[in-house]
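Contents: one structure, followed by commentary.
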Amino acid sequence: MITIPKHIQELIPYKAGKPIEELAREKGLTKIVKLASNENPLGPSPKALEAIIKYSADVNRYTNPSAYKLVNAISKKYDQPPQKIITGSGSDSLLQYIVTAFSDDDDEILTSHGTFIGWYVNADKYARKSKLVLLNNYHVDIAGLADNITTKTKIIYLANPNNPTGTMFTKNEFDNFLLKVPKNILVILDEAYTIYAEDNPDYPDGLKYDLENLIVLRTMSKAYGLAGIRIGFAIGPEYLIKALYKVKLPFEPNLLAQEAAIAALDDNDFIIRSKELNKKSLEMMRKKFDELKIKYVPTSANFYLILFQNEEYAEEFNEECLNSGLIVRPLKSFGINNGIRINSGTIEETIFALEVIEKVHLKLLKKYSTVFTINKFKKKHYEASFLRNQR
Ligand SMILES: Cc1ncc(COP(=O)(O)O)c(C=O)c1O
């Protein structure tokens, strides 16, 4: 019998949004709408689709390990030298390489409660000690993070906008934070949702910073609609990118992902349409949440975090939505037990989702017959619940 290391035995694996086929199998439903994984409801960029078809006959060949063509396309688009760029099978893969390449057993990793679960999983995989700072009114407490730096801190992970809260920190806040971070601490700025936030003049574009201790991560899983093909990239100083190449699997990302990404990067029209649809869908949701008095956190991304009175209510809400063919994302595994995340959809999907949400919420309100008190969600209660669930 092989002994499995304790930290692997105890590892809670990444829990993704429920797949559509799985729900169809379980419940025998024919109409299912999935708004659980922050995917692009428009599908993939049409230019990417064309490229996938065009290059599918070449998959007998290995890829170029440095993804030469794609790196150059990224270099051109973002005006960054190719030496500062590395690509991977989604930014999640790059997060793993970052933990592998830049942290040792005794190093401490600093991040926020209620941030991207993929980061927690990657840190836990390597048994890294994570120090988590509480969210402040559902915002990453970037000043609080700086205050929690110790001599053991090696990496600070930030997602901006943050998943699953949808909130962002401003350029001013980020600049003040950077002033307090010593240069021997690596800052990971995960900008998975940057395209949805970039029009806000207060949003800090990570690529505008050229620092020896900063790596910016981007994914093509969201606005570019390429989640299933797995493609992401990191931009940072050359000496750090070189180290990442040493630990990266040589033929990742796959050939079709590389070609799809090159084509998608050039598809501005698709990005414009995606952003417009996102705005419309979120606005429809916001109006309905207001009408139903469902508490939500103002978002800078392509999803809303909605909050219920307690974990039990959120769990039941999720189950009832599934029964009606709507897949949303319960957030217990992110540390927000009373939260549900729902991303924007097509107009038709949004109408369906809001009908289900209204029906389920009214049914549960009756069942619980509890008056919804906004005060319940004020900071004190929220912090207490996080402390109870401290990882
Ligand atoms: C903040 C954040 N970072 C990274 C990722 C992972 O993206 P990818 O599909 O590129 O692995 C996600 C996906 O949900 C995310 O929300």
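Atoms within a ligand are numbered from 1 in the order they appear, just like the ligands themselves.
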Can you tell me if D190 contacts ligand 1 (heavy atom of the residue under 4.0 Å from the ligand)? yes
Using the ring pair (Phe, Tyr, Trp, His ring centres under 6.0 Å) rule, take F174 and Y209 through it: C-alpha gap first, then chi angles, then the decisive distance, then the call. CA-CA 11 Å; F174 187 51; Y209 294 77; 5.1 Å; yes
Among protein heavy atoms, which lies nearest atom 14 (O) of ligand 1, and at what distance? K222 NZ, 2.8 Å
Please determine if D107 and K152 form a salt bridge, counting it only when a charged side-chain N lies under 4.0 Å from a carboxylate O. no
Pick from S221, G232, P253, S37: the one approaching atom 9 (O) of ligand 1 most closely through a non-hydrogen atom: S221
Applying a strict 4.0 Å limit to heavy atoms, is Y193 in contact with ligand 1? yes
Could you say whether the N/O atoms of N163 and ligand 1 ever approach to under 3.5 Å? yes
With heavy-atom distances below 4.0 Å as the criterion, list the atoms of ligand 1 near A192. 1 (C), 2 (C), 3 (N), 15 (C)
Inspect the contact between K359 and E355 and indicate whether a charged nitrogen and a carboxylate oxygen are less than 4.0 angstrom apart. no
Heavy-atom nearest neighbour in the protein, as seen from atom 10 (O) of ligand 1, with distance rounded to 0.1 Å: T219 OG1, 2.5 Å
Once the angle between the rings of F317 and F308 is folded into 0 to 90°, is it parallel (under 30°), tilted (30 to 60°) or perpendicular (over 60°)? tilted
Output yes when K129 and E108 qualify as a salt bridge under the 4.0 Å nitrogen-oxygen rule, no when they do not. no
Between the CG atom in D79 and the CD1 atom in I74, the distance rounded to the nearest 0.5 Å is 13.5 Å
Give yes if a backbone or side-chain nitrogen or oxygen of S93 is under 3.5 Å from a nitrogen or oxygen of ligand 1, and no if not. no
Under 3.5 Å: N/O of N38 near N/O of ligand 1: no
Could you pull out the closest heavy-atom pair between Y203 and N160, with the gap in Å? OH-O, 2.9 Å
Is it true that K275 and E198 have a side-chain N and a carboxylate O under 4.0 angstrom from each other? yes
Heavy-atom contact check, 4.0 Å cutoff: does M220 meet ligand 1? no
Would you mind telling me if ligand 1 is within reach of the side chain of S91, the backbone, both or neither, using heavy atoms under 4.0 Å? both
